[in-house]
Structures are given as structure tokens and as C-alpha cells.
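This report concerns only the one structure given below.
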Amino acid sequence: MAKYNVYDCSIIELSKHHSDRKGNISVVQNCETVPFNVKRVYYLYDVPGGESRGAHAHKDLSALIIAVSGSFRVTLDDGIVKRSFILNRPYQGLYVKPGIWRDLDDFSSGAVCLVLASEVYQPEDYIRDYDVFLEYRKE
Ligand code: TYD
């Protein structure tokens, strides 16, 4: 099966409903804003400065990653090309397709990383060893 590369992953602009006096709302709708069914939502927070997260790929899972507060960097890697995105706008999401390694770092103080995932938590869907990932990409 053909595998996705980092250029298949991109920033999705979310709707932003602005009210001068009351602030903003951004919305993600199942199968509409994102082309998958959201089965799980989780978020990273209180990440100490200098720490990194991620360091894995998924075989089948797609994700939309949103900096709902603060900022951080996401580096995507398809085994050949790496692409970094600074996420710092709550009305943008990074759509990450299956089979892509991701590293998250440079978390600002108070950053919250919201992840909408296409699958429930399945440890067997993870590739956490980079050499295994490179082999998987060659298959
Ligand atoms: P992990 O995937 O290593 O976090 P990250 O990739 O963001 O650094 O997950 C950290 C811990 O949380 C690990 O023990 C597994 C657990 N976990 C769940 O139990 N369910 C989940 O949906 C997620 C994302 C993690």
C-alpha cells in the first residue's frame, strides 16, 4: 500500500466565530472539518520547558493537532523528508496522516496541545522505535 509523505500533511484552517465583546469560538466537525471520524480526544498540558513529546508514528491513525493555547513545534518525518510547523493559533489544526513520525517540542509556558484522533487508544498501532519506523517506511 502506498504510504503518505509529509507533503500530504497540512494546516487546516478552522472556522472562527468572532464577537467583539465576547471572544472567539472555533469549531471542528466530524468528517467535515477533518476527513475522518473523531473517536478520541486528548490533550497535553503542563509540559515543562525544554521537554519533547511524541517520538512515534501510527500505522493507521490520523490526527488533527491544535495549539488551543500557547505554542509548540511539530516536526513531521516520512523517513526521507522532515517538515516543521509552529502551531500557535487556536483556529488552525495540523492534519497528520498515518505512517508519519512526529516530534513535538518548544512548548511555551501554558501551552495546551489538543489532539483529535481517528482511532481509540491502541498501543499496537504505535511505532516508537525510529529504526523500526524506517524499516516500516521501506516495506
Ligand atoms: P504517549 O503516547 O507516550 O504521549 P506522547 O506521545 O504525547 O509523548 O502517552 C503517554 C502515556 O499516556 C502513556 O502511558 C500512554 C498513555 N495514554 C493513554 O493511556 N491513552 C491515550 O489515549 C494516550 C494518548 C496516552
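Numbers for residues simply follow the sequence, beginning at 1. Start at 1 and go down the list; that is how both ligands and their atoms are numbered. Any value given below was found using the heavy atoms of this structure, including those in side chains, with hydrogens, waters and symmetry copies removed.
- Looking only at atom types and distance, the side chain of His18 has a donor-acceptor partner in the side chain of Asp20 under 3.5 Å away.
- Using a 4.0 Å cut-off between heavy atoms, Leu104 makes no contact with ligand 1 at all.
- A 6.0 Å sphere centred on CD1 of Ile11 holds more than 12 heavy atoms belonging to other residues, nucleotides or ligands.
- Atom 21 (C) of ligand 1 is flagged as protein-proximal [any protein heavy atom, distance under 4.0 Å].
- Tyr126 and Tyr121 have their aromatic ring centers within a separation under 6.0 angstrom.
- Comparing Arg53, Glu51, His56, Arg40 by heavy-atom distance to atom 6 (O) of ligand 1, the nearest is His56.
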Would Tyr95 and Asp8 satisfy side chain to side chain donor-acceptor pair (under 3.5 Å), going step by step from the backbone distance to the final call? CA-CA 9 Å; Tyr95 177 27; Asp8 296 315; over 6 Å; no
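- Using a 4.0 Å cut-off between heavy atoms, Gln122 makes no contact with ligand 1 at all.
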Before giving the answer on side chain to side chain contact (heavy atoms under 4.5 Å, CB included), spell out for Val38 and Arg40 the whole-Å C-alpha distance, their side-chain angles and the decisive distance to 0.1 Å. CA-CA 6 Å; Val38 178; Arg40 179 167 53 115; over 6 Å; no
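- Considering only non-hydrogen protein atoms, atom 1 (P) of ligand 1 sits nearest to Arg128 NH2, 3.7 Å.
- Within ligand 1, the atoms closer than 4.0 Å to a non-hydrogen atom of Tyr42 are 24 (C), numbered from 1 in the order shown.
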Evaluate salt bridge (Lys or Arg N to Asp or Glu O under 4.0 Å) for Arg73 paired with Asp105, printing each intermediate quantity in order. CA-CA 5 Å; Arg73 175 172 56 198; Asp105 62 6; 2.9 Å; yes
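- By the 3.5 Å distance cut-off applied to N or O atoms, Leu44 is not counted among the residues near ligand 1.
- Using a 4.0 Å threshold on non-hydrogen atoms, atom 12 (O) of ligand 1 does not count as touching the protein.
- Protein heavy atom in closest approach to atom 19 (O) of ligand 1: Tyr121 CE2, 3.7 Å.
- Close approach of ligand 1 to Gly54 (heavy-atom distance below 4.0 Å) involves ligand atoms 5 (P), 6 (O), 7 (O), 8 (O).
- In this structure, Tyr45 and Tyr43 have tilted ring planes: the angle between them lies in the 30° to 60° band.
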